[in-house]
Trainee: 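Quick one: this structure, given as structure tokens, is what I'll be asking you about.
Numbering of ligands and ligand atoms starts at 1, following listing order. Both backbone and side-chain heavy atoms feed into the values below; hydrogens, waters and symmetry mates do not. Being a predicted model, the structure only gives us computed values, none of them experimental.
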Amino acid sequence: MTGVNRGLDGVAVAETRLSTMDGEAGELIIGGFPVEELADNATFEETLYLLFRGRLPDAEELSAFRSDLAECRAIGDEVLAVLRRAAEEEKPAMDALRMGAAAANLGTEDGDPEADALRVVAAFPTIVAAYWRYRVGEEPIEPDPDLGHAANYLYMLTGERPDERAVRGLETYLNAVVDHGLNASTFTARVVVSTESDVVSAATAAVGTLKGPLHGGAPGPVLDMLKEIHESGDPEAYVREKLEGDERLMGFGHRIYRVRDPRAAVLEAAAEQFYDDDDDFFETITDFENVAVDLLAEYKPDRDLETNVEFYTAALLHGVGVPQELFPATFGIARVGGWMAHALEQLEDNRLIRPESRYTGERGRSWTPIEER
Ligand code: ACO
């Protein structure tokens with residue numbers, strides 16, 4: 001065995017047609033499209049179709065795909081019971097999503113990976129919205145078959161039909177973050193199905209991976225940070241205090257990108273429209289970004305720490321009206337499209353993913369009976 005690569009940097013364990021990044025140039029391609037083009041133009045259903053089937057649908061195919069999704073959007077009473085309990089105990093939304101996702105094979109007799117994958121993708125917004133309704137002391141709202149995926153999520157959160165601008169803002173977000181190479185949660189999903197386990201198990205494990213603050217858990221803390229700075233008006237003092245205390249600034253740094261994450265620009269442009277001229281919160285956000293990037297370069301001169309996707313995720317989702325507690329789960333609503341497409345791709349030409357570890361423990365111990373320890 002050669003040396004240990006603790007974070008698996010630079011190791012390719014799969015071939016994929018789904019997405020690729022150039023970390024030096026700051027480019028992201030999803031299903032053949034630059035992220036900028038896909039995010040701004042596609043509905044989320046078109047993006048899902050693109051990932052699942054490898055090309056854009058025509059109008060008839062899109063309409064059939066939308067109906068297929070609509071048919072599996074509802075969730076059963078047993079799932080609602082778990083979500084109610086999670087909400088009553090004030091468990092985080094990601095825990096509720098993991099528990100809800102795990103129940104997605106109840107009441108089905110499929111075992112057909114593509115049908116299961118579609119059902120998981122369709123159910124995610126319903127699960128998150130139902131949990132949220134319980135959290136705010138309301139009953140869940142059933143999905144509306146006339147609304148698309150993004151619109152349904154907003155509708156099920158509030159009970160009100162969302163306006164076009166909010167739907168477009170959310171779709172831009174969902175498209176921009178649907179897939180991103182072999183990030184930690186997608187890797188998890190591929191590892192799970194590589195054992196010939198099922199796609200529902202893959203989605204459940206991937207939710208657990210996405211939950212962590214080094215992956216999908218950053219945008220909530222980013223919003224807290226932005227609110228604090230908006231109040232204090234002193235971004236420099238905030239950043240210096242964090243960096244001098246050896247803390248990480250949420251929303252900055254990335255394993256792949258050495259330059260600004262290309263999704264940051266997409267989300268920044270989409271977010272700006274939600275903040276009108278007499279609301280200087282957006283100005284706080286952009287000013288803070290500039291100060292943070294300059295100070296990260298000062299404190300960590302040998303690192304290229306630039307803005308990552310989570311920074312403007314906070315600004316956009318806040319603008320769209322998604323509750324802060326649901327930011328990571330909303331990331332899951334997008335990324336599950338990528339997880340499921342990767343899981344299906346892995347199954348097309350599967351080989352068990354099974355790396356190695358280097359043993360650093362003891363050897364040659366001899367057993368001591370318990371009464372002698
Ligand atoms: N603030 C301050 N310092 C940082 C930051 C940051 N945001 N990110 C990395 N660093 C520093 C580390 O302290 C380390 O410095 P050192 O070598 O002097 O100790 C160096 O940069 C390298 O850090 P690693 O953790 O090895 O880099 P890695 O590639 O593993 O980190 C990560 C990537 C986890 C995203 C990191 O940049 C981070 O923690 N960022 C903040 C959390 C965040 O924004 N998460 C969302 C990520 S985007 C996504 O998952 C969709």
Trainee: Going only through I, L, V, M, F, W and Y residues with side-chain contacts under 4.5 Å, is there a path from Tyr238 to Phe252?
Mentor: yes

Trainee: Tell me if a side-chain donor or acceptor on Gln346 pairs with a main-chain N or O of Ser194 at a distance below 3.5 Å.
Mentor: no

Trainee: Under 4.0 Å from a heavy atom of Ala218: give me the atoms of ligand 1 that qualify, with their elements.
Mentor: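 Numbered from 1, ligand 1 contributes 43 (C), 44 (O), 45 (N), 46 (C).
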
Trainee: For ligand 1, is Leu296 a contact, meaning one of its heavy atoms is under 4.0 Å away?
Mentor: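 In this structure, Leu296 qualifies as a contact of ligand 1 - some heavy atom is under 4.0 Å.
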
Trainee: Does Asp224 come within less than 4.0 Å of Lys227, counting only side-chain N to carboxylate O?
Mentor: no

Trainee: With heavy atoms only and a cut-off of under 4.0 Å, state how Leu305 meets ligand 1: side chain, backbone, both or neither.
Mentor: side chain

Trainee: So, Thr43 and Glu46: side-chain donor and acceptor under 3.5 Å apart, yes or no?
Mentor: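 Looking only at side-chain atoms, Glu46 and Thr43 do form a donor-acceptor pair, the distance falling under 3.5 Å.
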
Trainee: Using 30° and 60° as the class boundaries, would you call the ring planes of Tyr312 and Phe282 parallel, tilted or perpendicular?
Mentor: tilted

Trainee: Please identify which atoms of ligand 1 are closer than 4.0 Å to at least one heavy atom of Arg255.
Mentor: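 So the answer, numbered in order with elements, is 28 (P), 29 (O), 30 (O), 33 (C).
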
Trainee: Would you mind listing which atoms of ligand 1 come within a distance below 4.0 Å of any non-hydrogen atom of Val309?
Mentor: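 Once the distances to Val309 are compared, the set is 51 (C).
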
Trainee: Given the ring of Tyr49, does Arg53 sit roughly above its face, with NZ or CZ under 6.0 Å from the centre of the six-membered ring and within 45° of the axis?
Mentor: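 The answer is yes, since Arg53 meets both limits relative to Tyr49.
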
Trainee: Does Arg373 make a cation-pi contact with Trp367 (under 6.0 Å, within 45 degrees of the axis)?
Mentor: yes

Trainee: Starting from atom 49 (C) of ligand 1, locate the nearest protein heavy atom and write down its residue, its atom name and how far away it is, to 0.1 Å.
Mentor: His215 O, 3.4 Å

Trainee: Between Asn308 and ligand 1, find which residue part has any heavy-atom pair under 4.0 Å and reply side chain, backbone, both or neither.
Mentor: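 Side chain only.
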
Trainee: Going by atom types alone, do Tyr173 and Thr330 pair a side-chain donor with an acceptor below 3.5 Å?
Mentor: no

Trainee: How about Arg260 and Asn308: does a side-chain donor come under 3.5 Å of a side-chain acceptor?
Mentor: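 No pair is found: no donor N or O on one side chain lies under 3.5 Å from an acceptor on the other.
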
Trainee: Identify the protein heavy atom lying closest to atom 38 (C) of ligand 1, giving its residue, its atom name and the separation to 0.1 Å.
Mentor: Arg248 NH1, 3.4 Å

Trainee: Heavy-atom contacts with Glu310 under 4.0 Å: which atoms of ligand 1 show up? List them by number with element.
Mentor: 46 (C), 48 (S), 51 (C)

Trainee: Without hydrogens or angle criteria, can the side chains of His149 and Arg73 be said to hold a donor-acceptor pair below 3.5 Å?
Mentor: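 Judged by distance alone, the side chains do pair up.
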
Trainee: Check Lys300 against ligand 1 and report side chain, backbone, both or neither, counting heavy atoms closer than 4.0 Å.
Mentor: side chain

Trainee: Could you check whether any side-chain N or O of Arg133 sits under 3.5 Å from a backbone N or O of Glu139, counting only pairs where one atom can act as donor and the other as acceptor?
Mentor: yes

Trainee: Of Asp261, Leu210, Leu249, which has the heavy atom at the shortest distance from atom 7 (N) of ligand 1?
Mentor: Leu249

Trainee: Can you report which non-hydrogen protein atom sits closest to atom 42 (C) of ligand 1, along with the distance?
Mentor: Met250 SD, 3.6 Å

Trainee: Is atom 26 (O) of ligand 1 touching the protein, meaning some protein heavy atom lies under 4.0 Å away?
Mentor: no

Trainee: Just distances here: any N/O of Glu247 and N/O of ligand 1 closer than 3.5 Å?
Mentor: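 Min N/O separation from ligand 1 is not below 3.5 Å for Glu247.
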
Trainee: When only distance counts, is Gly251 in polar contact with ligand 1, meaning an N/O pair under 3.5 Å?
Mentor: yes

Trainee: Among the heavy atoms of Pro213, does any lie under 4.0 Å from an atom of ligand 1?
Mentor: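 Distance cut 4.0 Å: Pro213 passes for ligand 1.
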
Trainee: Would you say atom 45 (N) of ligand 1 has a protein heavy atom nearer than 4.0 Å?
Mentor: yes

Trainee: For atom 35 (C) of ligand 1, what is the closest protein heavy atom, and at what distance to 0.1 Å?
Mentor: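 Answer, as residue, atom name and distance: Gly253 O, 3.7 Å.
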
Trainee: Which bit of Arg303 is near ligand 1, meaning a heavy atom under 4.0 Å away: side chain, backbone, both or neither?
Mentor: side chain

Trainee: Could you check atom 40 (N) of ligand 1 against the protein and tell me its nearest heavy-atom contact, residue, atom and distance included?
Mentor: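 Checking every protein heavy atom, the shortest distance to atom 40 (N) of ligand 1 gives Phe252 O, 3.0 Å.
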
Trainee: Can we say Glu36 and Arg263 salt-bridge, meaning some charged N sits less than 4.0 Å from an Asp/Glu carboxylate O?
Mentor: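 Result for this pair is no, no salt bridge flagged.
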
